[in-house]
Protein chains: 2
Amino acid sequence: MTHPAENDKLTTAAQPPEAPKHKQAITSVDVVLLTLVDRRLYTVVVDRDRPPFEGMPTLPGGYVHTETDPDSRAAARRTLEKKTGIKAPYLEQLYTFSGPDRDPRGWSFSVAYYALVNKDTVALRMNAGARLVPVDEVGELGFDHNEILDFALKRLQDKSSYSALPCYLLPKEFTLTELQETYELVMKERLEKSSFRRKLEDMGFLEVLEGQFRTGKHRPAQLYRIRPDKSLTLFDRTV
Amino acid sequence: MTHPAENDKLTTAAQPPEAPKHKQAITSVDVVLLTLVDRRLYTVVVDRDRPPFEGMPTLPGGYVHTETDPDSRAAARRTLEKKTGIKAPYLEQLYTFSGPDRDPRGWSFSVAYYALVNKDTVALRMNAGARLVPVDEVGELGFDHNEILDFALKRLQDKSSYSALPCYLLPKEFTLTELQETYELVMKERLEKSSFRRKLEDMGFLEVLEGQFRTGKHRPAQLYRIRPDKSLTLFDRTV
DNA sequence: GTAATAGTGTCTCTCAGACAGTATGTC
DNA sequence: GACATACTGTCTGAGAGACACTATTAC
């Protein structure tokens with residue numbers, strides 16, 4: 001919290017009285033937006049138009065607006081919407097990165113969030129400078145944003161094994177094969193078709209879209225969607 | 001991160017040039033220290049000796065020292081050592097809490113950590129004002145520290161089901177029954193003796209202390225310790 | 001001997017993985 | 001018909017829970 005320790009003769013710069021003993025840290029939020037296009041994971045990067053790291057791609061991020069943001073999650077949501085137009089993604093706090101060297105302007109905090117959306121959501125209106133890049137082709141990002149991206153990918157990989165998070169990466173309607181491919185991509189692991197389907201059936205968060213099929217040069221595949229009432233975030237079983 | 005957004009005309013207060021557009025947030029760290037005494041979970045609280053929340057117990061915490069701390073984890077470690085004398089606990093980032101109201105002095109961030117130690121470690125030298133309290137008797141804490149404490153207990157509960165975190169709460173040498181009781185306490189769930197032992201055996205992070213036993217009015221119990229080379233943080237199986 | 005706790009053996013049921021087999025579309 | 005992909009059924013082995021049984025101490 002935000003209380004001086006007993007032997008810690010310092011105050012905050014935020015409210016008047018005394019001068020702070022310790023230089024204040026910079027505080028900001030960053031967002032790793034992940035989505036799936038053509039069986040590949042993409043993230044959004046923004047080309048910086050000013051120093052530091054001018055001209056380099058970075059994750060979308062920015063300062064907290066202490067006048068208006070109710071918390072850091074709201075700041076992340078606002079930042080993401082400004083860059084990409086996306087309003088209500090799945091958004092979860094990832095980790096807080098900190099230190100004197102990650103931003104050349106000084107000792108800084110970044111509260112990182114990750115967001116999962118489907119490609120229909122992301123296609124709408126991207127701000128100039130923002131663009132989708134496959135996660136395995138992002139190259140060097142400004143600040144410590146490669147580390148943050150890797151952290152998000154690892155978190156998604158781990159959490160997918162006991163949650164339905166990958167569903168957020170798909171459009172509202174999808175086939176079981178598409179869902180399985182998404183899990184395999186995210187978890188970097190092959191899954192067995194029949195047990196995958198059994199488990200999904202048992203968990204019961206999918207709803208058959210009666211009479212709706214994905215067609216092709218083969219047998220049509222049943223379309224499903226998430227049951228609107230179900231939470232996708234925690235299972236007692238492994239997927 | 002720590003970069004102005006394109007349309008975000010603002011700078012940081014940390015390094016000179018321009019004036020910040022947004023008031024800076026207060027930044028601090030807080031630590032939930034957990035330990036086990038007589039089959040009960042305890043945490044450390046510190047009575048505040050100044051406003052806000054003067055006289056109320058709070059979690060140990062304080063400002064980041066941007067001149068010396070290499071990151072927020074180091075700040076948490078330093079803070080904890082100052083209050084309790086504990087030097088090298090298991091220490092993991094928990095969550096970052098933020099908002100305009102959690103600290104009456106202004107919009108604030110707190111990067112919360114939780115630490116797990118055994119009672120022998122904690123008994124050494126507690127600072128004046130710091131004391132151990134059973135987690136179910138802490139009462140009202142200053143700031144939003146009850147929420148942070150609950151968050152830590154929940155995290156420990158969740159993570160214990162697939163890790164050996166509860167081992168950090170016990171002394172170096174312990175019996176299997178003691179370990180099982182610790183798991184049950186933390187997970188709030190009864191465990192089956194024989195399968196618990198089977199699983200520990202299979203995971204192989206315990207080492208028999210040959211010829212060493214805990215005695216009492218009954219059959220002596222074999223003492224174990226953690227195999228020094230083993231990581232306790234991630235298992236592929238459930239405990 | 002009894003009480004108390006430590007530790008083991010065995011049965012059963014569930015479930016995940018393997019894999020083969022069937023179904024239904026396009027061409 | 002061949003092919004491609006969707007979907008289902010069955011076998012097997014691993015492991016978790018239940019629970020009874022044995023072991024070793026103090027008294």
Side-chain angles (χ1 to χ4, degrees), chain A residues 38-39 158 160-164 166 170-171 173-225 234-239, chain B residues 38-39 158 160-164 166-167 170-171 173-185 187-225 234-239:
Chain A
D38 293 336
R39 306 182 183 191
D158 290 348
S160 293
S161 65
Y162 57 92
S163 79
L170 285 171
E173 306 179 353
F174 49 83
T175 67
L176 292 185
T177 302
E178 288 163 358
L179 184 56
Q180 182 176 345
E181 282 172 354
T182 306
Y183 267 94
E184 290 177 340
L185 186 74
V186 161
M187 295 173 65
K188 295 174 180 167
E189 184 179 347
R190 263 222 81 223
L191 300 173
E192 206 55 40
K193 182 166 58 170
S194 87
S195 48
F196 180 75
R197 286 166 184 241
R198 238 181 309 166
K199 280 179 268 190
L200 291 180
E201 172 72 21
D202 292 351
M203 298 188 203
F205 65 84
L206 291 184
E207 183 176 12
V208 176
L209 291 168
E210 297 290 353
Q212 296 188 245
F213 298 91
R214 172 97 64 235
T215 54
K217 318 180 176 194
H218 47 72
R219 173 173 175 179
Q222 177 66 55
L223 284 174
Y224 291 81
R225 68 170 182 183
L234 279 181
F235 295 155
D236 48 344
R237 299 168 59 174
T238 188
V239 170
Chain B
D38 292 336
R39 307 185 183 188
D158 291 348
S160 292
S161 65
Y162 56 93
S163 78
C167 293
L170 286 172
E173 307 178 353
F174 49 84
T175 67
L176 292 186
T177 302
E178 288 164 359
L179 184 55
Q180 182 176 344
E181 283 172 352
T182 306
Y183 267 94
E184 290 177 340
L185 185 75
M187 295 173 64
K188 296 173 180 168
E189 184 179 346
R190 263 225 79 224
L191 299 174
E192 206 55 41
K193 182 166 59 168
S194 88
S195 48
F196 180 75
R197 287 164 184 240
R198 242 181 307 166
K199 279 180 267 190
L200 290 180
E201 172 71 22
D202 292 351
M203 298 187 203
F205 65 83
L206 292 185
E207 183 176 12
V208 175
L209 291 168
E210 297 290 353
Q212 297 188 244
F213 298 91
R214 171 97 65 237
T215 53
K217 319 180 175 194
H218 47 72
R219 173 173 174 177
Q222 178 65 55
L223 284 173
Y224 292 81
R225 67 170 183 184
L234 279 181
F235 295 156
D236 48 344
R237 299 168 60 174
T238 188
V239 170

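As the structure is a computational prediction, the values presented were derived from the model and not from experiment. Here is how names work: the chains are called A, B, and so on, in the same order as the sequence lines, proteins then strands, and each is numbered from 1.
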| Phosphate OP1/OP2 of C:dG25 contacted by A:T215 side-chain N/O (<4.0 Å) | no
List, with names and distances, any nitrogen or oxygen atoms from the protein found under 3.5 Å away from nitrogen or oxygen atoms belonging to nucleotides 9-15 of chain D.
| from | atom 1 | to | atom 2 | distance (Å) |
| --- | --- | --- | --- | --- |
| D:dG9 | O6 | A:S194 | OG | 3.3 |

When the distance from [atom1] of [X] to [atom2] of [N] is rounded to whole Å, what number comes out?
X: A:R190; N: C:dG17; atom1: CZ; atom2: P; answer: 11 Å
X: A:L191; N: C:dA16; atom1: CG; atom2: P; answer: 12 Å
X: B:H218; N: D:dT25; atom1: NE2; atom2: C1'; answer: 8 Å
X: B:E192; N: C:dT8; atom1: CD; atom2: C1'; answer: 14 Å
X: B:R214; N: C:dA4; atom1: CZ; atom2: C1'; answer: 16 Å
X: A:L223; N: D:dA6; atom1: CG; atom2: P; answer: 11 Å

State which of [options] makes the closest approach to the side chain of [X].
X: A:K193; options: D:dA26, D:dC7, C:dG7; value: D:dC7
X: A:K217; options: D:dA18, C:dT26, D:dC7; value: C:dT26
X: A:R197; options: D:dT24, D:dC7, D:dA18; value: D:dC7
X: A:Q222; options: C:dA6, D:dC7, D:dA16; value: D:dC7

| said: Please check if the number of heavy atoms outside B:D38 that lie under 6.0 Å from its CG is greater than 12. | reply: no
| Positions of residues 175-182 of chain A (non-hydrogen atom under 4.0 Å from DNA chain C), listed by number | none
| side chain to side chain contact (heavy atoms under 4.5 Å, CB included) with A:E207: which residues, sequence neighbours excluded? | A:R225, A:R227, A:P228
| field | First encountered from the 5' end of DNA chain C, between A:S195 and A:R219 | value | A:S195
| query | When the aromatic ring centroids of A:Y224 and A:F174 are compared, is their separation below 6.0 Å? | reply | no
| query | Run the salt bridge (Lys or Arg N to Asp or Glu O under 4.0 Å) check on B:E178 and B:R39 step by step: do they pass? | reply | CA-CA 9 Å; B:E178 288 164 359; B:R39 307 185 183 188; over 6 Å; no
